[in-house]
Amino acid sequence: MIYAVLGPTCSGKSDLAEFLSQKLGYPVINFDAFQVYKELDKGTAKPSKELLDSNRYFLYSFKSITENYDVSQYQTDARNLLSRFNNDNVILVGGTGLYLKALLFDYKFEDEKRMPDDFLSNKTNEELFDELMKIDPDDAKKIGVNNRKRLIRALYIYSIHGKNKSELNDNGKDNLLYKNVVFIGIDINRDILYERINKRVDIMFENGLKDEVNNLFIYYGKSLRAFQAIGYKEFNNSLLSDDEIKELIKKNTRNYAKRQLTFFKHQFKDVKWCKNLEEITQVIENKNG
RNA sequence: GGCCCGAUAGCUCAGCAGGUAGAGCAAAGGACUGAAAAUCCUUGUGUCCCCAGUUCGACCCUGGGUUGGGCCA
């Protein structure tokens, strides 16, 4: 069985993954977009160093923030790794729904050169929108005029592949490639989740998050994509006091948790949402028994 | 004790010749194929402090209270 553990940030996914790993003897594979970076540590709530060094944990802390990792690379890395385990008997954990979808479903990423950062940067949103309307009106309407990043991406796809996004994507997102997957969702009360988030941010500060971030800024500058991570980007604002930064991180984390829930609920159909360990154990016994 | 100012959404506040209200933030819901901890869309929550009075009608005017702040004793 492939167990995919999903849920919002701070809901206890990592602990559950470790519990299952112990119980079943399966390795743990990460699908979190920021825990892959070795330099990001105190702000990303990774499992402990001991666990990461234990030979049972994969795709954590193995990339540098200077490398600009992305979904397509993750898909390759994760599928290669899965095949090393014969595509069976692993635990997937993480918070990046898109990475999990791209891994397990038939998302196709054709070879392409990385998009230059200044691609179409001189166009206004309206110009980008009008241009996409000519190529793929459905997609343009879905994206909307204000979603500049996606408009540019859609136009880039057309410029290098000669096809629009809809043509390239043809329904792969609903086609599950691995048939032995069990999705376990952590169903946690919203108020309790928010309390846990607030508390975890306090602890991150006590553990020296500020120093870690400032040192990284000194080494690498502030403009790396990885510094868009919550817990890092908020420090890139000289007008805020430490307390204000802390509160902002809490708020951004709460908003993020909300977005994760939306994605998991709507993008994954057969999730067993569990409220406690008994329910989870029951799901596993049904599958393995 | 006297005088002045305030009390309206979870928070900070705006409002109106008297016709039961609206901004920002927080929040909620949603989208999602190469930056996804990213990016974007939608939504307004109310004993307008309480009790009387005036009025067809009061968040608004009058009187009395409650409560917070300031000034003077």
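Letters A, B, ... are given to chains in the order of the sequence lines, protein chains preceding strands, and every chain is numbered from 1.
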Select base, sugar-phosphate, or nothing to describe what [X] touches, counting heavy atoms under 4.0 Å on all strands.
{"X": "A:Gln260", "value": "nothing"}
{"X": "A:Tyr194", "value": "sugar-phosphate"}
{"X": "A:Thr44", "value": "base"}
{"X": "A:Ala102", "value": "nothing"}
{"X": "A:Gly172", "value": "base"}
{"X": "A:Arg254", "value": "sugar-phosphate"}
{"X": "A:Asn169", "value": "base"}
{"X": "A:Asn255", "value": "sugar-phosphate"}
{"X": "A:Glu247", "value": "nothing"}
{"X": "A:Lys258", "value": "base"}
{"X": "A:Gly95", "value": "sugar-phosphate"}
{"X": "A:Glu110", "value": "base"}

Answer yes or no: does a side-chain N or O of [X] lie under 4.0 Å from OP1 or OP2 of [N]?
{"X": "A:Gln267", "N": "B:C32", "result": "yes"}
{"X": "A:Tyr99", "N": "B:A36", "result": "yes"}
{"X": "A:Arg148", "N": "B:U39", "result": "no"}
{"X": "A:Thr96", "N": "B:A37", "result": "yes"}
{"X": "A:Asn252", "N": "B:A37", "result": "no"}
{"X": "A:Asn146", "N": "B:C41", "result": "yes"}
{"X": "A:His266", "N": "B:C32", "result": "no"}
{"X": "A:Tyr156", "N": "B:A35", "result": "no"}
{"X": "A:Lys142", "N": "B:C32", "result": "yes"}
{"X": "A:Lys173", "N": "B:C32", "result": "yes"}
{"X": "A:Arg190", "N": "B:G29", "result": "yes"}

What's the gap between [N] and [M] when it is taken at their [atom1] atoms, as a whole Å value?
{"N": "B:C25", "M": "B:U66", "atom1": "C1'", "answer": "30 Å"}
{"N": "B:C11", "M": "B:U47", "atom1": "P", "answer": "11 Å"}
{"N": "B:U67", "M": "B:C51", "atom1": "C1'", "answer": "15 Å"}
{"N": "B:C71", "M": "B:U55", "atom1": "P", "answer": "42 Å"}
{"N": "B:A23", "M": "B:C61", "atom1": "C1'", "answer": "27 Å"}
{"N": "B:U12", "M": "B:A17", "atom1": "C1'", "answer": "29 Å"}
{"N": "B:G44", "M": "B:G22", "atom1": "P", "answer": "10 Å"}
{"N": "B:A9", "M": "B:A28", "atom1": "C1'", "answer": "14 Å"}

Rounding to an integer number of Å, can you tell me how far [X] [atom1] sits from [N] [atom2]?
{"X": "A:Leu209", "N": "B:A37", "atom1": "CG", "atom2": "P", "value": "17 Å"}
{"X": "A:Lys13", "N": "B:A37", "atom1": "NZ", "atom2": "C1'", "value": "11 Å"}
{"X": "A:Lys265", "N": "B:A28", "atom1": "NZ", "atom2": "P", "value": "11 Å"}
{"X": "A:Leu224", "N": "B:A36", "atom1": "CG", "atom2": "P", "value": "13 Å"}
{"X": "A:Arg153", "N": "B:G34", "atom1": "CZ", "atom2": "C1'", "value": "4 Å"}
{"X": "A:Gln35", "N": "B:A37", "atom1": "CD", "atom2": "P", "value": "10 Å"}
{"X": "A:Asp139", "N": "B:C32", "atom1": "CG", "atom2": "C1'", "value": "11 Å"}

Legend entry - Residues A:Asp117 and A:Arg225 bridged, charged N to O under 4.0 Å: yes
Inset, instruction - Tell me which of A:Tyr256 and A:Asp111 sits closer to the 5' end of RNA chain B, going by the nucleotide each one is nearest to. - result: A:Asp111
Legend entry - First encountered from the 5' end of RNA chain B, between A:Arg200 and A:Lys165: A:Lys165
Pair assignment for [N], Watson-Crick or G-U wobble, requiring both distances under 3.5 Å:
{"N": "B:A36", "value": "none"}
{"N": "B:A7", "value": "B:U66"}
{"N": "B:U42", "value": "B:A28"}
{"N": "B:A23", "value": "B:U12"}

Side chain of [X] only, heavy atoms from C-beta on: which candidate in [options] is closest?
{"X": "A:Val71", "options": "B:U33, B:G34, B:A37", "value": "B:G34"}
{"X": "A:Lys251", "options": "B:A26, B:A37, B:U33", "value": "B:A26"}
{"X": "A:Tyr107", "options": "B:U33, B:G34, B:A37", "value": "B:U33"}

Inset, instruction - Please confirm whether A:Lys246 makes a cation-pi placement over A:Phe205, using NZ or CZ under 6.0 Å from the six-membered ring centre and within 45° of the ring normal. - result: yes
Legend entry - 4.5 Å side-chain heavy-atom contact, A:Tyr232 and A:Phe34: no
Inset, instruction - Look at the aromatic rings of A:Phe268 and A:Phe183 and report parallel, tilted or perpendicular, splitting at 30° and 60°. - result: tilted
Inset, instruction - Run through A:Asn255, A:Thr262, A:Leu261 and flag the one making a side chain to side chain contact (heavy atoms under 4.5 Å, CB included) with A:Lys258. - result: A:Thr262
Inset, instruction - Taking atom CG of A:Asp53 as the centre, report whether more than 12 heavy atoms of other residues, nucleotides or ligands fall under 6.0 Å from it. - result: yes
Legend entry - Derivation and outcome, ring pair (Phe, Tyr, Trp, His ring centres under 6.0 Å), residues A:Phe62 and A:Tyr69: CA-CA 11 Å; A:Phe62 74 110; A:Tyr69 200 59; 5.7 Å; yes
Legend entry - Side-chain donor/acceptor contact of A:Arg150 with base of B:C32 under 3.5 Å: yes
Legend entry - Over all atoms of both residues, closest heavy-atom pair of A:Thr44 and A:Met204: N-CE, 4.5 Å
Legend entry - A:Phe85/A:Phe58 aromatic ring centres below 6.0 Å: yes
Inset, instruction - Indicate, with yes or no, if the rings of A:Phe105 and A:Tyr178 have centres closer together than 6.0 Å. - result: no
